[in-house]
Amino acid sequence: MTKSTGLNKIKTAVFISGKGSNLKNLIKFSKFKKYPFTVNLIFSNTNKAKGLKYSKKYKIEKKIIGYDKTIRTDKRILRILNQKEIKLICLAGFMKILSKNFIKKFKGKIINIHPSLLPKYKGLNTHIRAIRNKEKFAGCTVHYVTSKLDSGKIILQKKVEISKKDDHYSLAKKVLKKEHLIYPAAIKKILN
Ligand code: GRF
């Protein structure tokens, strides 16, 4: 794929709390001409997020602010996003629930990736629950963020089969591979 200069692309911020494999993958895709976004800010609510290492590796600014849902913190984060001209927030393993106020202020411009076939299995431990319920399929969903948890409009979804041998670790691995396919594709879909 052709590499891009990053000019005329939509500036995004990726919010993480953990490993950051989706973040790394989004950074990779953002460098291709066909994908109309750049990752300009890595935001984390904790300095323990392993994914913060990609800030140094890819020379992308990072901000770490403990997220407490107060208006004051919301304002602080919104100020940073405005300064950096961020037009889209991509939640990728961000383990905090954004306040209603924050979502309202950034309305229609926050998306999330969730490791289940929404509307099934909102919330945590999706793979354990899907296996326990003897589901035949699991998957992942990219959706808009609204003030109702994991309930906004679906942008893209991808299924994977749950085999008899799967435990929640192997299933999480399989699903994560699909996440890495649909997240950049979903961003491309909404920005084009
Ligand atoms: C992914 O499974 C994502 O769907 C969920 O949290 C996990 C984050 O993984 N919201 P990573 O930090 O991107 O590796």
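Order of listing sets the numbers, starting from 1, for every ligand and every atom in it.
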Contacts of type side-chain contact (heavy atoms from CB on, under 4.5 Å), residue Lys11, not counting sequence neighbours | Thr38, Asn40, Glu85, Ile86

Does Leu176 reach ligand 1 with a nitrogen or oxygen that is under 3.5 Å from one of the ligand's nitrogen or oxygen atoms?
-> no

Residue pair Val145 / Ile89, side-chain heavy-atom distance below 4.5 Å = no

Flag the pair Lys105 and Asp74 as a salt bridge only when some basic side-chain nitrogen lies within less than 4.0 angstrom of an acidic carboxylate oxygen.
-> no

How many angstroms lie between atom CG of Leu88 and atom CG of Leu191, to the nearest 0.5 angstrom?
-> 6.0 Å

Would Ile10 end up clustered with Tyr183 when hydrophobic side chains under 4.5 Å apart are linked, directly or stepwise?
-> yes

Kindly say whether Cys140 contributes a backbone atom to a donor-acceptor pair with the side chain of Ser116 at under 3.5 angstrom?
-> no

Determine whether any heavy atom of Ile16 lies closer than 4.0 Å to an atom of ligand 1.
-> no

Which atoms of ligand 1 have any heavy atom of Lys19 under 4.0 Å away?
-> 12 (O), 14 (O)

Quick one: look up the protein heavy atom nearest atom 9 (O) of ligand 1 and list residue, atom name and how far away it is.
-> Asn22 ND2, 3.9 Å

Atom NZ of Lys9: over 12 foreign heavy atoms under 6.0 Å = yes

Selection from Gly51, Gly93, Ser21 by shortest heavy-atom distance to atom 11 (P) of ligand 1 = Ser21

Nearest non-hydrogen protein atom to atom 12 (O) of ligand 1, with distance, is Gly20 N, 2.7 Å

For atom 5 (C) of ligand 1, the protein heavy atom that lies nearest, with its residue and separation | Pro115 CD, 3.9 Å

Contact (N/O only, under 3.5 Å) between Leu23 and ligand 1 = no

Counting heavy atoms only, which of Asn112, Ile113, Thr126, Thr141 comes nearest to atom 10 (N) of ligand 1?
-> Ile113

Quick one: look up the protein heavy atom nearest atom 2 (O) of ligand 1 and list residue, atom name and how far away it is.
-> Glu179 OE2, 2.9 Å

